[in-house]
Protein chains: 2
Amino acid sequence: MRDGSPQGTYKVQALDRAFAVLDLLGESETPLGLAQVASSLQLHKSTAHRFLMVLERHRMVERTSNGKFRLGLRLFDFGNRAIEQYDLRDRAQPHLRRLVAETEETAHLCILEAARVIYIDKIEPARSVRMITRIGASNPVHATSVGKAILAFLPEEKANDVIRRIRFERLTSRTIVTAEALHLELEKTHRRGYAIDDEELEEGLRCIAVPVLDAQRMPVAAVSISGPSFRVTAQKLPSIANHLLQCVRGICADMGYISSRSRSSSLSA
Amino acid sequence: MRDGSPQGTYKVQALDRAFAVLDLLGESETPLGLAQVASSLQLHKSTAHRFLMVLERHRMVERTSNGKFRLGLRLFDFGNRAIEQYDLRDRAQPHLRRLVAETEETAHLCILEAARVIYIDKIEPARSVRMITRIGASNPVHATSVGKAILAFLPEEKANDVIRRIRFERLTSRTIVTAEALHLELEKTHRRGYAIDDEELEEGLRCIAVPVLDAQRMPVAAVSISGPSFRVTAQKLPSIANHLLQCVRGICADMGYISSRSRSSSLSA
DNA sequence: ATAAAGCTTCTCATATGATGGGATGGGTGT
DNA sequence: ACACCCATCCCATCATATGAGAAGCTTTAT
């Protein structure tokens with residue numbers, strides 16, 4: 001009973017509804033009026049209104065000049081508090097910046113949660129076209145280089161726990177969609193020392209990632225470089241991987257993950 | 001009736017409680033157990049437990065390995081969505097970076113909400129000791145350079161609305177604690193073109209700020225440089241102000257705030 | 001080993017507190 | 001001026017959250 005938490009029991013209607021409101025506002029590109037919120041969520045006007053007023057009091061939503069609602073900055077506050085614990089982010093930034101300067105492609109810093117990877121930082125090269133990812137967003141482990149990088153260096157036990165939770169959705173023609181194929185890939189990844197996502201998440205996008213291992217050699221995060229396939233070519237992979245490894249080495253040092261005789265075996269280029 | 005919202009009416013007990021839980025976890029440095037949460041908030045164990053379970057289902061809180069609770073990464077997601085609307089932040093970053101490189105002191109980007117300024121970005125010089133501010137946090141307008149910078153360039157009307165809401169708390173011996181004194185200071189600020197906080201928020205901390213004006217010349221944000229008083233000396237202020245003005249000019253250009261014959265009058269050095 | 005204390009998880013009868021029908025009023029466009 | 005749409009507000013009803021308490025589980029003390 002210590003595994004997943006399939007039991008959807010424990011309800012507090014009001015909370016579910018409130019979060020549905022926040023979700024809705026978060027999804028919407030533009031601020032929404034009361035009526036829109038109410039009808040989208042099948043709530044009655046008065047109910048939606050009451051919720052919005054309470055949420056506004058807590059600054060979880062705010063109103064635009066024309067009276068419409070959007071997410072409030074309190075959430076921004078909470079979000080930053082939530083991420084603070086992972087001071088990994090702050091410490092990693094300078095290293096990521098150097099990495100981006102070297103490779104001229106977009107770098108991401110991710111951590112694992114359940115069976116998804118969450119983007120906790122992103123650095124883009126000045127000249128590049130913007131990527132669509134948003135910090136805070138998440139993607140499935142099985143279709144990302146960062147996901148595979150972390151999984152490949154997790155102990156069997158833990159890795160299997162995660163893999164069991166994956167819903168292998170197909171995202172492109174190359175997405176890995178079976179646990180067996182994933183296991184094979186992870187083995188290759190471990191030997192190679194870095195993970196590759198060859199258009200498995202998105203057509204035309206190639207990524208390469210390296211895990212950040214803590215003092216106990218447990219992967220706590222991963223750093224990736226992503227770019228259009230025509231720029232991130234197969235020949236360039238080893239060179240990029242080298243930059244990544246160096247970057248991660250710097251992060252580990254900064255985090256105080258003593259390298260002892262450390263990452264020589266499977267993680268040196 | 002279009003002014004403040006003093007009416008604390010509109011209650012949804014469940015929501016207030018849930019946010020109290022999040023607040024508590026956000027304040028706490030370390031993760032808390034169920035019992036701690038329940039007693040801190042005077043909730044009964046079962047109630048607190050139910051809330052935490054629901055919050056966990058929504059990933060608003062997560063559990064550490066030893067079963068304690070802390071803020072969840074869903075909040076990080078929401079926070080980033082909330083801030084996304086202000087794409088000001090993204091666009092301003094490179095300019096702030098340059099500013100920090102030039103001045104070698106910490107830069108902040110802030111916006112006004114009610115009678116407080118919210119830090120939406122912070123860039124620190126590599127060598128500096130870390131400042132204690134956290135992105136997402138807020139400070140009262142009357143005791144910050146950014147607050148005064150924005151207020152000083154707001155139309156009378158609006159500025160007074162804000163000032164009326166201020167609870168003039170004293171934070172240091174130099175804090176401005178009366179509306180009259182603040183009005184005088186704002187006038188000086190407007191003429192000068194930049195705002196100064198001379199240890200009014202915190203002993204030993206001196207800041208200087210310039211507002212970011214949109215196409216209608218309305219201040220939408222402010223950029224500041226903060227540093228220890230012994231480094232940010234009176235003589236250096238004009239020079240720093242110049243860097244700030246240049247930085248802000250860049251931001252405005254990037255945001256598409258057409259400068260027309262613009263910021264020549266009161267805001268050029 | 002065993003007991004005791006402390007904390008979490010779970011169940012259920014109760015009344016508290018959220019609900020939504022509907023009335024009111026303000027704003028906008030025709 | 002009229003009609004429409006939308007936000008705000010009120011209040012009787014009952015669905016919902018509540019909290020006392022029992023049962024598990026883990027850790028610490030004896």
Side-chain angles (χ1 to χ4, degrees), chain A residues 1-25 28-72, chain B residues 1-25 28-72:
Chain A
M1 189 101 320
R2 56 182 52 262
D3 54 35
S5 33
Q7 64 283 45
T9 186
Y10 288 114
K11 260 198 93 170
V12 177
Q13 191 190 54
L15 275 189
D16 287 337
R17 288 178 164 186
F19 290 136
V21 170
L22 292 181
D23 253 332
L24 182 67
L25 294 178
S28 159
E29 294 300 323
T30 110
L32 301 176
L34 169 60
Q36 292 171 285
V37 172
S39 77
S40 301
L41 300 175
Q42 317 236 59
L43 294 179
H44 289 247
K45 289 183 303 183
S46 4
T47 307
H49 182 249
R50 187 159 11 88
F51 273 95
L52 285 165
M53 296 314 267
V54 174
L55 288 171
E56 187 186 17
R57 179 155 47 78
H58 286 277
R59 294 178 34 231
M60 305 302 262
V61 309
E62 58 186 39
R63 312 192 70 161
T64 58
S65 42
N66 53 61
K68 296 194 181 297
F69 298 89
R70 63 174 174 193
L71 294 184
Chain B
M1 188 101 322
R2 57 182 52 263
D3 54 35
S5 34
Q7 63 284 43
T9 185
Y10 288 113
K11 259 197 94 173
V12 176
Q13 193 191 52
L15 274 189
D16 288 336
R17 289 178 163 187
F19 290 135
V21 169
L22 292 180
D23 255 331
L24 182 69
L25 295 178
S28 161
E29 294 298 326
T30 110
L32 300 176
L34 167 61
Q36 291 171 286
V37 172
S39 77
S40 302
L41 299 176
Q42 317 235 60
L43 294 179
H44 288 248
K45 294 181 299 181
S46 7
T47 308
H49 182 249
R50 189 161 7 88
F51 274 93
L52 284 165
M53 295 314 267
V54 174
L55 288 171
E56 188 188 16
R57 181 156 46 78
H58 287 276
R59 293 179 34 232
M60 304 304 259
V61 309
E62 58 187 37
R63 311 192 72 160
T64 58
S65 42
N66 52 63
K68 297 195 180 296
F69 297 90
R70 63 174 174 193
L71 294 183

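Since this is a predicted model, take the numbers as computed values, not measurements. Convention: sequence-line order gives letters A, B, ...; per-chain numbering from 1.
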Between A:F69 and A:A14, the residue closer to the 5' end of DNA chain D by nearest nucleotide is A:F69
Sorted by chain and residue number, the side-chain contact (heavy atoms from CB on, under 4.5 Å) partners of A:D16 (sequence neighbours excluded) come out as A:K11, B:V54, B:R57, B:H58
Note: contacts of residues 39-51 of chain B with DNA chain C (heavy atom, under 4.0 Å) are B:K45, B:S46, B:H49
In whole Å, I'd like the distance from the [atom1] atom of [X] to the [atom2] atom of [N].
X: A:L15; N: D:dT18; atom1: CG; atom2: C1'; value: 14 Å
X: B:R57; N: C:dT9; atom1: CZ; atom2: C1'; value: 16 Å
X: B:N66; N: D:dT28; atom1: CG; atom2: P; value: 12 Å
X: B:M53; N: C:dT11; atom1: CE; atom2: P; value: 12 Å
X: A:L52; N: C:dA18; atom1: CG; atom2: C1'; value: 15 Å
X: B:K11; N: D:dC10; atom1: NZ; atom2: P; value: 17 Å

Considering residues at least two apart in sequence or located in another chain, which fulfil the side-chain hydrogen bond (donor to acceptor under 3.5 Å, both in side chains) criterion with A:T64?
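A:T64 satisfies side-chain hydrogen bond (donor to acceptor under 3.5 Å, both in side chains) with A:N66 only.
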Test side-chain hydrogen bond (donor to acceptor under 3.5 Å, both in side chains) applied to A:S40 - qualifying residues, sequence neighbours left out:
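Once residues adjacent in sequence are excluded, A:S40 has no partner under the side-chain hydrogen bond (donor to acceptor under 3.5 Å, both in side chains) criterion.
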Does [X] have a side-chain nitrogen or oxygen under 4.0 Å from the phosphate oxygens OP1 or OP2 of [N]?
X: B:Y10; N: C:dA18; answer: no
X: B:R17; N: D:dT18; answer: yes
X: B:Q13; N: D:dT16; answer: no

Rounded to the nearest 0.5 Å, what separates atom [atom1] in [X] from atom [atom2] in [Y]?
X: A:S28; Y: A:D23; atom1: OG; atom2: CG; value: 12.0 Å
X: B:F69; Y: B:E56; atom1: CZ; atom2: CD; value: 6.0 Å
X: A:L41; Y: A:L24; atom1: CG; atom2: CG; value: 5.0 Å

**Study point:** Minimal non-hydrogen separation, B:A18 against A:L15, with atom names
**Key:**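 Distance-wise, the nearest heavy atoms are CB-CD2, 3.3 Å.
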The complete set of salt bridge (charged side-chain N to carboxylate O under 4.0 Å, His left out) pairs with one or both residues in residues 58-72 of chain A, sequence neighbours excluded, reads A:R59-B:E113, A:E62-A:R70
Hey, can you pull the donor-acceptor pairs under 3.5 Å for the side chains in residues 43-52 of chain A, sequence neighbours left out?
none

Angle between the two end axes of the helix from C:dA1-D:dT30 to C:dT30-D:dA1, five base pairs per end, rounded to 10 degrees?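 Rounded to the nearest 10 degrees, the bend comes out at 40°.
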